[in-house]
Amino acid sequence: MIDLDKELNPQQADAAKTTEGPVLILAGAGSGKTRTIVYRISHLIEDLRVDPWNILALTFTNKAAKEMKDRVGSMLPEGMKAPNISTFHSTCLRIMFSHADKLGYTSSFEIADAADQKAVMREVYKKLNIDTKLIPEKRAAREISEAKDSLKDPEKYAQDNFGDFSKKQFIDIYREYQAHLMHNNSMDFDDLIMNTVKLFKKYPDVLESYQEKFKYIMVDEYQDTNTAQFEFIRLLADKYKNLCVVGDDDQSIYKFRGADIRNILDFEEHYPTAKVVKLEENYRSTSNILAAANEVIANNSERKSKELWTKTPEGSKIRFRQLDTASGEAAFIADDIRKRVEEGAKLGDFAILIRTNIQSKEFEDAFRVRRMDYEIVKGLRFWDTKVIKDVSAYLLTVAGGSNDMRTNRIINLPKRGIGASSVDKVAAFAAENGLSLFDACCRVDEIPGVSGKALAGIKSFTEMILSIREESKSMKLSEVVKRIISDSGYDQYMLMESDSTEKYAEMKDYINKLKEALDSYEEETDEPDLIDFMRQNGVEGSTIDKVTDDSNTDRVMVMTMHNAKGLEFPNVYVSGMEQGIFPGFGSIMSDDPMAIEEERRLCYVALTRAEKTLTLTSSRQRMINGERRFYAISQFMKEIPDELLDMNVQPKKAEKKERVIPEARKIARAAFEEKPVAFSAGFKNAKAGAFSTSAPKPDYEVGDRVRHFKMGEGTVKSIVPGGRDYEVTVEFDSVGIKKMFAGFAKLKKI
DNA sequence: CTAGGATCATCAATT
DNA sequence: ATGATCCTAG
């Protein structure tokens, strides 16, 4: 028996014990939300003897799912089967896997990711002859995504917007877009949810089987749900009504991707018998930080009444500094962190939160110059990498996939002299004869108008694929990858594309990671299914983490506020506290008064990330889109009471010092701090180091044979001393005469 | 068909 | 400032 009263505070325990019927847990920032959910699940399984497979916990991100899975796993006894804890999309993917045929797909359907969607949209525009300047593709994609999020398929959308002139074209675009996806047997991310709801509505018996399977349902970050997700949950929980949703209306920051805050605000209306539990004790931040966050969010009109409190001490005041320039702002923060690290803090205890990604550049420079370890947290996932997507497209094509999106991606990659017009001709032939693009390529001889380079290119392309396909039957998937990148010339292509050895090594690294993933998949799985593997990874993307060669985690984190949601750091800097940056220009100008409230919630999220200290900074001017602009201090600063703030009243001095460093001196200092042996570290560093370093005389002479990492072997024609480096002219055997700087080219004498 | 110069658009971002 | 996309000459 788990002693919930001992492990949890009274509200948390109440939430964990209420297992039957609808429950809304309003969990403020840092109130032990995950802990509560984890205990609730363990309580269900261990004390109430609910079978783990009858429990479904839904999250938005794979990261959240993984964390919850790990924490639940460590609490359950050895060998106990784990409950279903996964994302909405992953759950729906699994459901679709079993029932796709009922909706007109085959079970080998694929997932269309953002890049695929874009490609499809281009096709649609071409077919409907729509000018991308009249309706930006992004606008149409958004409209479609919104339609799907609110469960409108093309027919429903057409009905609802009948006679609305402004929507007329979207109706056509949506219909055509969906037809293209269907033709490629593909679902986009929004389809996964919409189709599952469709399935449930169309097949009550299927729905019931899942209602029986998932008797207890939990939803994390409920404030982020959209209409489709709401309906998905509603249907699943309709039989037993054991639905526990956890969220915080004050942390709803994803309206721009369809989240409907009404779902959480109106939960008690949707479920009149719902029990509401509020978790308001905060275990994360000092009371000063909490007070500031509370004061800011209090300016919002529509919220559930909730106020965080804490037993922790006041802590230091919240610092605010206004600097003159964005680089000055970054310099101030970097210097401040360096100072505090010298006083004993760890780099890893610091995070810098930014509103937009462009702000990250200044910090990148500031930390690089100071040789401080940092990480700019980007959204890029392994499976979204170009290299991986390219190779995956090859793999799926070799596997016999009839997905035109995949074929399209690789047909002329690397370049085989197959241009758009040739592809169009093949595509037309394919359409006429009901073939896939690849099958049409195989019959290219019958296609009129395709000749010369294009014809040869298509022939060698299909021959290559078919021959690998033939041999692949007796190969491991990782060996197929190897064959693909050598036979297709992709290896050579990577070499040409990469402008540094590091970049090339990184690409190879990605491919090796892919091979490893394929190997372990084949080992672990009885009946390996490449399509299922790819599909799974397209949605979950978690099998392989982003390739980071640095195992040292003690570094300053720089990330957007959106990215920081759910995380916490001892010391937080919020950069860009300016009217027009944060709140953003768009929300100030918006005619929707709720827009500024969303920004304010984002501010609330940002402030509540901090445990011990919080520093807010702004810049008087900023270079935006290449022009200098001036900014006033953010309105959110005024919403924090003065008595909580340390405004640094006097020292204009310290600030001035940062201001007067002329650009030139800063660069000089940067160069000075750069390693003297800059040329060994690749192009990027070489550029910065060039200010203070001159290259040594090359160890080859005119007439010598040399090797270049990219262009192969050649003969040195001339060596001319330049300003700070030697300009070498080489006649390469393969690519002819090239001029290059000795320091950059890294030529090896043979 | 391709390369590379001209032009354009520019918030946040998971799955 | 920057990266993606369009356009045009060869």
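Chain naming here is simple, since letters A, B, ... match the order of the sequence lines and numbering starts at 1 in each.
Between A/R406 and A/D116 there is a salt bridge, since a side-chain N of the basic residue sits under 4.0 Å from a carboxylate O of the acidic one. With respect to the salt-bridge test (charged N to carboxylate O, under 4.0 angstrom), the residues A/K33 and A/D248 do not qualify.
Within the 4.0 angstrom heavy-atom criterion, no nucleotide atom of any strand lies near A/D113. Nucleic acid contact class of A/G417 (heavy atoms, under 4.0 Å, all strands): sugar-phosphate only. Using a 4.0 Å heavy-atom criterion, one finds that A/D149 contacts no nucleic acid atom at all. In this structure, A/S421 reaches the sugar-phosphate backbone alone: every heavy-atom distance under 4.0 Å involves primed, P, OP1 or OP2 atoms, never a base. Note on A/N563: only backbone sugar-phosphate atoms sit closer than 4.0 angstrom, heavy atoms only; bases stay farther off. Within the nucleic acid shown, A/R535 has no heavy atom closer than 4.0 Å to any nucleic acid atom.
Identified under the salt bridge (charged side-chain N to carboxylate O under 4.0 Å, His left out) test for residues 582-596 of chain A, with sequence neighbours left out: A/K255-A/D592.
Here the side chain of A/N62 is nearest to one of B/dA12, B/dT15, C/dC7, namely B/dT15. Nearest nucleotide to the A/N625 side chain, out of C/dA1, B/dT2, B/dT15: C/dA1. Of the candidates B/dT15, B/dC1, B/dA12, B/dT15 carries the atom nearest the A/F189 side chain, counting heavy atoms from C-beta on. Comparing atom distances between the A/T61 side chain and each of C/dT5, B/dC11, B/dT15 picks out B/dT15 as nearest. Listed nucleotides B/dC1, B/dA13, C/dA4 differ in distance to A/K118; the shortest reach to its side chain belongs to C/dA4. Taking only side-chain atoms of A/K361, from C-beta outward, the nucleotide of B/dT2, B/dA12, C/dT2 with the closest atom is C/dT2. In this structure, of C/dT2, B/dC1, B/dC11, it is B/dC11 that holds the atom nearest to the side chain of A/T356. For A/H89, whose side chain is taken as the heavy atoms from C-beta onward, the closest listed nucleotide among B/dA12, B/dT15, C/dC7 is B/dT15.
Under 4.0 angstrom from either OP1 or OP2 of B/dC11 there lies no side-chain N or O belonging to A/S587.
Straight-line distance from the CG atom of A/N357 to the C1' atom of B/dC11: 9 Å, rounded to whole Å. If you take CZ of A/F256 and P of B/dC11, they are 11 Å apart, rounded to a whole angstrom.
Here the two rings, on A/F256 and A/Y254, have centers that are under 6.0 Å apart.
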When you look at A/Y490 and A/Y493, which way does the ring-ring contact (aromatic ring centres under 6.0 Å, His included) test go after all the steps? CA-CA 5 Å; A/Y490 196 83; A/Y493 166 80; 5.2 Å; yes
